[in-house]
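Here is the structure we will look at.
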Amino acid sequence: MMISPLTTGIYTGLGVAACAGLAAGAYAYASRWPGSRVFGGALTAPARPGELALTFDDGPNPAWTPRLLDILAERDTRATFFLLGSRVIAELELVRRIAAAGHTVGNHSWSHPDLTRTPTSLVREEIERTNDTLQQIIGAPVKLFRPPFGARRPEVFRIANELGLTPVLWNAMTSDWSEPSAERIAKRLTKKITRLNRRGQAANIVLHDGGHHDAAANREPSVKAAEMLLERFTKSHRFVTVDAWC
Ligand SMILES: [Zn+2]
């Protein structure tokens with residue numbers, strides 16, 4: 001599908017107030033959420049130990065994202081999807097399905113480069129092009145940006161802020177993309193979640209429903225692990241989307 005250039009930039013600026021406290025600087029964020037972990041102006045998780053955010057990176061993946069959406073729907077749970085701009089054009093319906101189900105759509109760059117090694121003008125293009133494309137597909141402003149590999153430098157965050165985006169990192173991750181056992185992924189993440197809770201922190205959990213090298217990567221272990229975490233924590237915790245922490 002062609003995306004009309006006439007609508008490009010329609011939402012530019014609308015997201016600016018999304019995470020106003022954070023956009024104003026890491027200090028404002030830190031003082032708003034005492035005990036929160038701040039890495040140079042990025043959001044990880046607030047001091048709300050009962051809350052969990054499931055976040056999924058590198059999609060959309062036509063092979064596994066639909067199954068994941070079914071699992072989330074069965075449990076009436078909302079998650080946050082950090083999508084790659086270069087993948088969404090081929091998966092318009094899937095992206096619309098993610099948004100229509102009430103999940104939060106975030107920006108994970110266009111082509112998944114290491115932004116610490118990318119010239120500034122290309123950093124802006126990677127982020128802005130993805131934002132414009134996502135916003136045209138879902139018809140709503142995109143407010144969150146997760147840098148690929150979590151690679152960050154002040155220039156990247158400055159550009160994200162200028163585009164009305166809050167940079168988001170995480171505090172619970174395991175190498176789910178290379179781990180064949182869903183049980184092991186879920187076990188490791190459960191350990192991290194429990195530890196964060198003991199320290200008084202919410203958990204910002206990363207799993208991968210896509211692969212930045214392979215558009216249809218096999219993500220069965222990650223998707224199953226998500227299901228196990230839902231099973232394990234639904235009664236004791238509250239699953240939120242990352243923008244609930246803005
Ligand atoms: Zn990624």
Side-chain angles (χ1 to χ4, degrees), residues 15 17-57 68 71-72 75-82 102-108 143-147 149-154 156-157 160-161 165-177 179 182-209 222 225-246:
C19 265
L22 182 61
Y27 179 77
Y29 172 64
S31 53
R32 193 168 164 200
W33 299 114
S36 66
R37 298 175 71 190
V38 176
F39 295 102
L43 172 64
T44 51
R48 297 185 186 175
E51 294 192 358
L52 308 179
L54 280 175
T55 73
F56 297 97
D57 287 8
L68 176 59
I71 289 168
L72 292 165
R75 286 165 179 75
D76 195 24
T77 300
R78 247 56 74 197
T80 306
F81 289 80
F82 289 97
H103 303 297
T104 296
V105 170
N107 179 333
H108 196 40
K143 302 167 187 170
L144 305 174
F145 167 69
R146 176 171 279 160
F149 312 108
R152 51 201 185 267
R153 61 184 162 109
V156 172
F157 285 180
N161 283 334
L165 293 162
T166 297
V168 176
L169 296 173
W170 59 81
N171 61 9
M173 180 168 80
T174 182
S175 27
D176 65 296
W177 60 89
E179 170 56 67
E183 287 77 10
R184 276 200 292 268
I185 295 169
K187 204 173 154 192
R188 285 182 202 139
L189 288 173
T190 296
K191 225 183 234 178
K192 287 173 197 248
I193 292 163
T194 307
R195 199 181 307 143
L196 285 162
N197 275 201
R198 270 204 304 265
R199 287 192 208 137
Q201 293 290 319
N204 182 337
I205 305 155
V206 184
L207 285 164
H208 293 75
D209 62 327
S222 304
E227 190 171 19
M228 288 172 186
L229 292 177
L230 285 163
E231 197 72 44
R232 165 80 169 72
F233 289 105
T234 290
K235 287 210 179 98
S236 54
H237 289 64
R238 202 159 75 87
F239 284 91
V240 298
T241 54
V242 171
D243 49 329
W245 295 338
C246 285

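Any value given below was found using the heavy atoms of this structure, including those in side chains, with hydrogens, waters and symmetry copies removed. If you read the sequence from its start, that first residue is 1, and numbering goes on from there.
Listed here is the closest heavy atom pair of Pro49 and Gly200: CD-O, 3.5 Å. The two residues Ser222 and Ile185 come nearest to each other via the heavy atoms N-CD1, 4.2 Å. Heavy atoms only, all atoms of each residue included: Val242 and Ala53 are closest at CG2-CB, 4.0 Å. Closest of all the heavy-atom pairs between Thr241 and Ala79 is CG2-O, 3.4 Å.
Contact annotation: the side chain of Leu230 approaches that of Leu54 to within less than 4.5 Å [non-hydrogen atoms, C-beta and beyond]. Annotation: side chain of Arg75 is in contact with side chain of Glu231 (closest heavy-atom distance under 4.5 Å). With a 4.5 Å cut-off on side-chain heavy atoms, Trp170 and Thr55 do not count as touching.
Proximity of a side-chain donor or acceptor of Lys143 to a complementary backbone N or O of Thr166 within less than 3.5 Å is not detected.
With rounding to the nearest 0.5 Å, the separation of CG in Asp209 from CG in Leu68 is 5.5 Å.
His108 meets the side chain to side chain donor-acceptor pair (under 3.5 Å) test with Asp58, His112; sequence neighbours excluded. With sequence neighbours excluded, the residues that form a side chain to side chain contact (heavy atoms under 4.5 Å, CB included) with Thr190 are Thr194, Leu229, Arg232, Phe233. When the side chain to side chain donor-acceptor pair (under 3.5 Å) test is applied to His103, no partner is found at least two apart in sequence or on another chain. Taking Glu183 as the reference, Ser181, Met228 meet the side chain to side chain contact (heavy atoms under 4.5 Å, CB included) condition, with sequence neighbours excluded. Listed by chain and number, the residues in a side chain to side chain contact (heavy atoms under 4.5 Å, CB included) with Ala203 are Leu52, Asn171, Ile193, Leu196, Ile205 (sequence neighbours excluded). For Asn204, the side chain to side chain donor-acceptor pair (under 3.5 Å) partners two or more places apart in sequence, or in a different chain, are Arg146. Contacts of Ala202 classified as side chain to side chain contact (heavy atoms under 4.5 Å, CB included), with partners at least two apart in sequence or in another chain: Ala45, Pro46, Arg48, Glu51, Trp245. Applying the side chain to side chain donor-acceptor pair (under 3.5 Å) criterion to Glu179, with sequence neighbours excluded, gives Arg184, Arg188.
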Test side chain to side chain contact (heavy atoms under 4.5 Å, CB included) on Thr44 and Gln201; report intermediate values, then the result. CA-CA 10 Å; Thr44 51; Gln201 293 290 319; 5.7 Å; no
Before giving the answer on side chain to side chain contact (heavy atoms under 4.5 Å, CB included), spell out for Cys246 and Leu144 the whole-Å C-alpha distance, their side-chain angles and the decisive distance to 0.1 Å. CA-CA 10 Å; Cys246 285; Leu144 305 174; 3.9 Å; yes
Check step by step if side chain to side chain contact (heavy atoms under 4.5 Å, CB included) holds for Leu72 and Phe239. CA-CA 11 Å; Leu72 292 165; Phe239 284 91; over 6 Å; no
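Of the residues Asp176, Leu207, Val206, the one that meets the side-chain contact (heavy atoms from CB on, under 4.5 Å) test with Leu189 is Leu207.
Counting non-hydrogen atoms of other residues, nucleotides and ligands closer than 6.0 Å to CZ of Arg238 gives a total of 12 or fewer.
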